Amino acid sequence: MSEREAIEVSRGEVFLAWLRSEPGAVCLILLTVFLACLLGIYTRPVGFLASIWPANALLLGLLLRLPRAAKPLGWLAGAVAYMLADLLTGSSLFKAAILNFANLVSVGIGYAILARLPPEMIRLRRPASVFHLLTASAAAGAGAGLVGGFANPILFNSGVLSGWTFWFSTELVNHLAFLPVVLSVTPFQVGRLFDGPLLRRGDLLPAVVLFLSGFVAVLVGGPGAIAFPVPALLWCGLVYPVFPTAVMTLMFGIWAMAVISVGYIPSLAIPKGEMALVSIRLGASLIALAPIMLASVMQSRNELLGKLHDLATRDPLTGADNRRAFLESAQEMMLKGRLPLAVLMLDIDHFKAVNDHYGHAGGDAVLVEITRRTRDCLRTGDLFGRLGGEEFAIFVPDCSQTVALQVAERIRQEVARVPVALQDGRSVPVTTSIGMVLVTAAGVTGLDGLLAEADAALYLAKHNGRNRLETRILGVTGS
Ligand SMILES: Nc1nc2c(ncn2[C@@H]2O[C@H](COP(=O)(O)OP(=O)(O)OP(=O)(O)O)[C@@H](O)[C@H]2O)c(=O)[nH]1
């Protein structure tokens, strides 16, 4: 990371910390809800309710993601933003009060259902997340519909049932489109969408295919066109984490609404009648749930695979590579011929006495601390494994003889520098013996041979008095 990038990241962290504080979260709510209301107000048909109304889903999402804001002040900020947006754009106080009461009922119901779930579920990282999202969105829509439905004859001279249907479908559609984006976003990832584990540049293909299938749907038209992007959406759900998938499905939702509801693309079949429109909008929203569900399942599957991988490759006590993982990785590095390289064998001195004096738990604590001290002396690409008992191995690729000697000597000194402090207040003086083999030329010997050479050097270190390093060099001298 360059110096400039590091400054930007730290500025970003300061800003995020402020957003997570109560004043920051309240300001964010005020601004977001106000702007979202303006978007809804300026895109709605004259004299009627808005069908694009992201404000409720965004307020709900922010209250769930920023727990410091989910207090009376945060709710008040939301209510003020709703009222301000309506009053500043010419609504009467009476109309604004009723409509915004319905909005707050929607957010309140959604919050009551989702806030009691564990954070991982709320952030759409569990297979059942989408079920809860759907339940909360439908309940929020149904509740808001009750207020809005009964207000419909008074405000818009229209029926209670049609009012309820409109509120229900609008809330459901908007919640399913906007809520997943807010719930799944990890703020740090926003600015670095194509960096790190979130998305690699090579993974862009599903997004490109999604864009192309939307284009083809518009060209071909007809009642089936709405389904053209579905395979690409599912592909996105399989390949991308939840957040980018949610962004793609939001784009699909906007595309579907523009293409079908508003009729921007005349070659597509536009359904006649209010109910047909409601039905097709609900259908498009439910289609968009499938990729998010897939992404949630994949996320939890990947986490599980990660845990299984850790279980299979790590020593549970020290967290170092286990014997099998160490040998496999070392073998891979050997095949890549990353010379010169060094193989080190480490053995804690008189460890049996440590166990006898301080108990097995004391011995375990020493193993953990020695692992930490040793790892601190290594580079990221070096391998460090626990071969068994109190014996460890290190594989250092691409290192000169001088560097290898420095690394080994530093480890020996670090282990012995200060006694290991136990939880019960006692401290254990520890030393280690190290056998090292240096390889400077290819084809000298295989991994087993190197480990045997390092083991022989270790034996010599023990024999010559312990707490010392013995080295063998293979390749140059041919020894
Ligand atoms: N606490 C603890 N002890 C272990 C573990 N694995 C092996 N040991 C103990 O490590 C000790 C190894 O002792 P020895 O092989 O006799 O060697 P040493 O006492 O270290 O003597 P030298 O290697 O000759 O310096 C044995 O007492 C094992 O029971 C473990 O996971 N935890």
Side-chain angles (χ1 to χ4, degrees), residues 306-330 342-378 382-396 404-438 447-474:
K307 278 185 196 156
L308 285 176
H309 181 261
D310 271 3
L311 278 176
T313 59
R314 289 198 186 285
D315 166 46
L317 176 67
T318 60
D321 285 354
N322 65 20
R323 183 184 188 91
R324 203 186 45 154
F326 174 83
L327 294 179
E328 270 176 23
S329 307
V343 175
L344 288 76
M345 288 284 230
L346 254 87
D347 190 286
I348 302 173
D349 296 328
H350 301 304
F351 192 61
K352 187 174 177 314
V354 172
N355 271 337
D356 292 346
H357 254 86
Y358 301 91
H360 204 79
D364 281 358
V366 168
L367 287 171
V368 171
E369 176 59 15
I370 298 308
T371 300
R372 193 191 65 74
R373 290 183 190 181
T374 307
R375 212 198 296 268
D376 281 354
C377 301
L378 300 174
D382 300 339
L383 301 178
F384 178 47
R386 185 181 176 199
L387 297 193
E390 84 296 20
E391 193 176 67
F392 297 87
I394 296 170
F395 191 99
V396 189
L405 284 169
Q406 280 170 355
V407 170
E409 194 50 35
R410 202 181 327 138
I411 292 172
R412 189 193 63 77
Q413 286 174 13
E414 267 307 300
V415 169
R417 197 165 55 87
V418 277
V420 175
L422 300 183
Q423 272 190 339
D424 60 11
R426 292 182 295 171
S427 48
V428 190
V430 197
T431 59
T432 184
S433 300
I434 303 176
M436 177 166 77
V437 58
L438 272 160
L447 181 62
D448 288 344
L450 287 184
L451 288 169
E453 290 283 349
D455 212 26
L458 172 64
Y459 178 81
L460 202 59
K462 292 272 181 189
H463 184 74
N464 288 343
R466 296 184 172 80
N467 188 21
R468 56 183 291 128
L469 166 70
E470 292 292 341
T471 307
R472 294 183 165 208
I473 301 173
L474 300 182

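Just so you know, ligand 1 is whichever comes first in the structure, and atom 1 is the first atom listed for that ligand. Values in this document were obtained by computation on a predicted structure and should not be read as measured data. Numbering of residues begins at 1 and proceeds along the displayed sequence.
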Geometric class of the Phe384/Phe392 ring pair [parallel <30°, tilted 30-60°, perpendicular >60°]: parallel
Pick from Glu391, His360, Lys462, Lys352: the one approaching atom 19 (O) of ligand 1 most closely through a non-hydrogen atom: Lys352
Which atom of Leu367 lies closest to which atom of Gly389, heavy atoms considered: CD2-O, 4.1 Å
Nearest-contact summary for atom 9 (C) of ligand 1 - protein heavy atom, Å: Asn355 ND2, 3.3 Å
Min heavy-atom dist His463 to ligand 1 below 4.0 Å: no
Intermediate values then yes/no, side-chain hydrogen bond (donor to acceptor under 3.5 Å, both in side chains), Asp347 and Ser433: CA-CA 5 Å; Asp347 190 286; Ser433 300; over 6 Å; no
Passing option when Arg373 is tested against Val418, Val430, Val368 for side-chain contact (heavy atoms from CB on, under 4.5 Å): Val418
Criterion salt bridge (charged side-chain N to carboxylate O under 4.0 Å, His left out) on Arg314 and Asp321, from CA distance to verdict: CA-CA 5 Å; Arg314 289 198 186 285; Asp321 285 354; 3.7 Å; yes
For atom 25 (O) of ligand 1, closest protein heavy-atom neighbour: His350 N, 2.8 Å
From CA spacing to verdict: salt bridge (charged side-chain N to carboxylate O under 4.0 Å, His left out), Lys462, Asp349: CA-CA 8 Å; Lys462 292 272 181 189; Asp349 296 328; 2.9 Å; yes
Nearest-option assignment for atom 7 (C) of ligand 1, heavy atoms, candidates Pro316, Gly362, Ala461, Gly389: Gly389
Sub-4.0 Å atoms of ligand 1 with respect to non-hydrogen atoms of Ile348: 20 (O), 23 (O), 25 (O)
Atoms of ligand 1 close to Leu367 [distance to a heavy atom under 4.0 angstrom, numbered from 1]: 30 (C), 31 (O), 32 (N)
From Leu344 atom CG to Phe395 atom CZ, the distance as rounded to the nearest 0.5 Å: 11.0 Å
Ligand-residue contact atoms, ligand 1 with Gly363, heavy atoms, under 4.0 Å: 1 (N)
For atom 20 (O) of ligand 1, the protein heavy atom that lies nearest, with its residue and separation: Phe351 N, 2.7 Å
Heavy-atom nearest option to atom 30 (C) of ligand 1, drawn from Arg386, Arg466, Glu390: Arg386
Interfacing atoms of ligand 1 (cut-off 4.0 Å, heavy-atom, Asp349): 25 (O)
Considering all heavy atoms, the nearest Ala454-Met345 contact: CB-CG, 3.5 Å
Residue, atom name and distance, where the atom is the protein heavy atom closest to atom 32 (N) of ligand 1: Asp364 OD1, 2.7 Å
